[in-house]
Amino acid sequence: MRAVLQRVTEASVTIDGQVVGEIGKGIMVLFGMLGTDTDKTIDYMLDKVINLRIFEDENGKMNLSLMDVEGELLIVPNFTLYGDARKGRRPGYSGGAAPEIATELFDKLCAKAQTLGIKKVATGVFQADMKVALVNDGPVTLLLDSEKLF
C-alpha cells in the first residue's frame, strides 16, 4: 500500500458536481493498493496516518497527531500511485492491485478508519472520476510505502 498524505485546512471530493466527501482541519490521504496488501497492512498504514505528529503544538513545533488535534480524515482511492513511468512516456499501471482486489481493500480501509475514534472520516469513491480540492497547510506532504516496512 502506498499513501500520499497532506495536512489540510480543508479538503473535498466532488463527483459529477456533487460533493461526496469533505473535511475541515485534518489529513487528506490518497491510497494506492497492492494485491499483496492485507489487514495487517491496513492496520499499519492507518495507525501511521492518524498518529504521525505533523500538527503544530503551542510552541509551533510539529508535535501533535491527527488524534491529538481532533482532526478529520479524507480517504481517497488513487490507483495512479503505482504508475510506472520509467519507460516511454505513458505510465503503466499493472503494479497496483486489480480493481476487484483494490475495491475490497479500500472498503476495508475505510471501514477500519471509521472505528478508530477519528472526529470525522470522509471518503472518495473507488473507480469514480473524482475532483479533489484541498488547501494544503504548511505545506505538509508525506509519502508512506508499506513495501518498505514489511
Rounded to the nearest 0.5 Å, what separation is found between the CG atom of Leu34 and the CD1 atom of Ile101? 10.5 Å
Do the non-hydrogen side-chain atoms of Lys61 and Arg53 ever get within less than 4.5 Å of each other? no
To the nearest 0.5 angstrom, please state how far the CD atom of Glu58 sits from the CG atom of Leu64. 7.0 Å
Are Leu5 and Lys48 packed together at the side-chain level, in the sense that at least one heavy-atom pair is separated by less than 4.5 angstrom? no
Kindly indicate whether the side chain of Ile75, heavy atoms from C-beta on, has any atom under 4.5 Å from the side chain of Phe106. yes
One should read off an interatomic distance between Leu73 CG and Lys120 NZ, to the nearest 0.5 angstrom, of 11.0 Å
Between Lys112 and Asp43 the two heavy atoms that sit nearest each other are CE-OD1, 3.2 Å
State, with a plain yes or no, whether a side-chain heavy atom of Met33 is found less than 4.5 Å away from one of Pro77. no
On a heavy-atom basis, the closest approach of Gly117 and Met67 is O-CE, 3.6 Å
List for me each residue that meets ring-ring contact (aromatic ring centres under 6.0 Å, His included) alongside Tyr82, sequence neighbours excluded, and say none if there are none. none
Please answer: with hydrophobic residues joined when any side-chain heavy atoms are less than 4.5 Å apart, are Leu143 and Met62 in the same cluster? no
Under the side chain to side chain contact (heavy atoms under 4.5 Å, CB included) rule, what do Thr14 and Val19 come out as? Steps first, then yes or no, please. CA-CA 4 Å; Thr14 303; Val19 175; 3.8 Å; yes
Residue of the set Asp37, Asp39, Thr41, Thr38 for which side chain to side chain donor-acceptor pair (under 3.5 Å) holds with Lys108: Asp39
Which atoms form the tightest heavy-atom contact between Ser146 and Met45, and what is the distance? CB-SD, 4.0 Å
Do the side chains of Leu109 and Phe31 get nearer than 4.5 Å, heavy atoms only? yes
On a heavy-atom basis, the closest approach of Lys119 and Gly71 is CB-O, 3.6 Å
Hey, does Val8 have a side-chain heavy atom less than 4.5 Å from the side chain of Val135? no
Can you tell me how far the CD1 atom of Ile118 sits from the CD1 atom of Ile23, to the nearest 0.5 Å? 10.0 Å
Flag the pair Glu70 and Lys25 as a salt bridge only when some basic side-chain nitrogen lies within less than 4.0 angstrom of an acidic carboxylate oxygen. no
Is the centre of the Tyr93 ring less than 6.0 Å from the centre of the Phe79 ring? yes
Report, as yes or no, whether the 6.0 Å neighbourhood of atom CD on Gln18 holds more than 12 heavy atoms from other residues, nucleotides or ligands. no
Establish whether Ile27 and Met1 are linked, either directly or via other cluster members, by ILVMFWY side-chain heavy-atom contacts under 4.5 Å. yes
Check the hydrophobic clustering (I, L, V, M, F, W, Y; side-chain heavy atoms under 4.5 Å; chains of links allowed) and say if Leu81 and Val29 are grouped together. no
Gap between atom CG of Asp129 and atom CG of Asp16 - 0.5 Å precision: 7.5 Å
Rounded to the nearest 0.5 angstrom, the CG-CD distance for Leu30 and Gln6 is 6.5 Å
May I ask whether Ile42 and Leu66 are part of the same hydrophobic cluster, defined by side-chain heavy atoms of I, L, V, M, F, W, Y residues being less than 4.5 angstrom apart, directly or through others? yes
I need the minimum non-hydrogen distance between Glu72 and Gly24, along with the two atoms involved. OE1-N, 2.6 Å
Quick check on the hydrophobic clustering: are Leu74 and Met130 connected, directly or via other members, by side-chain heavy-atom contacts under 4.5 Å? yes
